[in-house]
**Student:** 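Below: one structure in structure tokens.
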Amino acid sequence: MHMTGTREIRADRQTVWAALLDAEVLRASVPGCQELDGCAEEGFHATVTQKVGPVKATFKGTVTLSEMTELESLHLAGEGKGGAAGFAKGGADVTLEEIPEGTRLTYEVDAKVGGKLAQLGSRVIDGFAKKMADQFFERFQEAVEGPSDPEEAPEAEATEGRKGWFKRLVKREA
């Protein structure tokens with residue numbers, strides 16, 4: 001399964017790049033992520049629980065970053081085993097481009113599954129993979145820039161306390 005997409009993030013390229021390398025941002029961005037620890041240089045270990053059609057599984061696996069060109073591009077790869085449910089693995093090539101509004105993040109994702117998951121059929125799997133990629137990059141964007149509607153900001157921060165937290169943290173440290 002192959003898919004592509006673009007996000008325009010209201011933050012400078014340095015902030016977006018730093019977020020791509022941050023374990024907390026990645027943990028908050030991966031749908032169903034229970035745990036994620038490690039670092040960009042050595043890789044991350046993750047535990048993710050997902051339900052695909054009638055199959056619910058907890059995947060334990062790794063996430064690695066490679067082919068990094070600072071502030072421009074990287075390859076993000078993940079692989080997990082879900083016991084009897086099977087396995088999932090995939091990668092994303094991510095590029096960053098400076099635009100007047102902030103940073104354009106473009107991604108190309110490839111994903112594969114095996115085991116019981118593969119028996120669900122390509123239509124179910126393809127839909128699930130697209131949904132996961134969309135959710136990941138949407139959550140990533142929200143972690144960096146906060147909610148798109150300023151009216152939602154106080155409510156979102158009160159209920160989740162996380163929206164746009166990375167961008168605020170980077171500004172505080174500068």
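A quick note: this is a predicted structure, and the numbers were derived from the prediction, not measured.
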**Student:** For E145 and A143, indicate whether the former's side chain and the latter's backbone hold a donor-acceptor pair under 3.5 Å.
**Tutor:** no

**Student:** Do P31 and Q50 come within less than 4.5 Å of each other through their side chains, counting heavy atoms only?
**Tutor:** yes

**Student:** Kindly check if the number of other-residue, nucleotide or ligand heavy atoms within 6.0 Å of CD (E101) is above 12?
**Tutor:** yes

**Student:** If you take all heavy atoms of T49 and K56, which pair is closest and at what distance?
**Tutor:** CG2-CE, 3.7 Å

**Student:** Tell me the closest heavy-atom pair linking V109 and A92, and the distance in Å.
**Tutor:** CG2-CB, 3.9 Å

**Student:** Same cluster or not: are V113 and F87 linked, directly or through other Ile, Leu, Val, Met, Phe, Trp or Tyr residues, by side-chain heavy atoms under 4.5 angstrom apart?
**Tutor:** no

**Student:** Do H45 and D37 have a side chain donor and acceptor closer than 3.5 Å?
**Tutor:** no

**Student:** Taking only residues two or more places apart in sequence, or in another chain, which ones meet V55 in a side-chain contact (heavy atoms from CB on, under 4.5 Å)?
**Tutor:** A85, L117, L120

**Student:** Take T106 and E108 through the side chain to side chain contact (heavy atoms under 4.5 Å, CB included) test and state the conclusion after the steps.
**Tutor:** CA-CA 7 Å; T106 303; E108 288 187 44; 5.7 Å; no

**Student:** Using a strict 4.0 Å threshold on nitrogen-to-oxygen distance, state whether R27 and E24 make a salt bridge.
**Tutor:** yes

**Student:** Could you go through L74 and L21, starting from their C-alpha distance and side-chain angles, then the distance that decides it, and tell me whether this counts as side chain to side chain contact (heavy atoms under 4.5 Å, CB included)?
**Tutor:** CA-CA 10 Å; L74 60 77; L21 305 180; 4.1 Å; yes

**Student:** On the 0 to 90° scale, with breaks at 30° and 60°, tag the F137-F140 ring pair as parallel, tilted or perpendicular.
**Tutor:** perpendicular

**Student:** Of the non-hydrogen atoms in A11 and T103, which two are nearest, and what is the gap between them?
**Tutor:** O-OG1, 2.7 Å

**Student:** Who are the side-chain contact (heavy atoms from CB on, under 4.5 Å) partners of E70, not counting sequence neighbours?
**Tutor:** W17

**Student:** So which of I99, T15, L96, V144 actually passes side chain to side chain contact (heavy atoms under 4.5 Å, CB included) with I9?
**Tutor:** V144

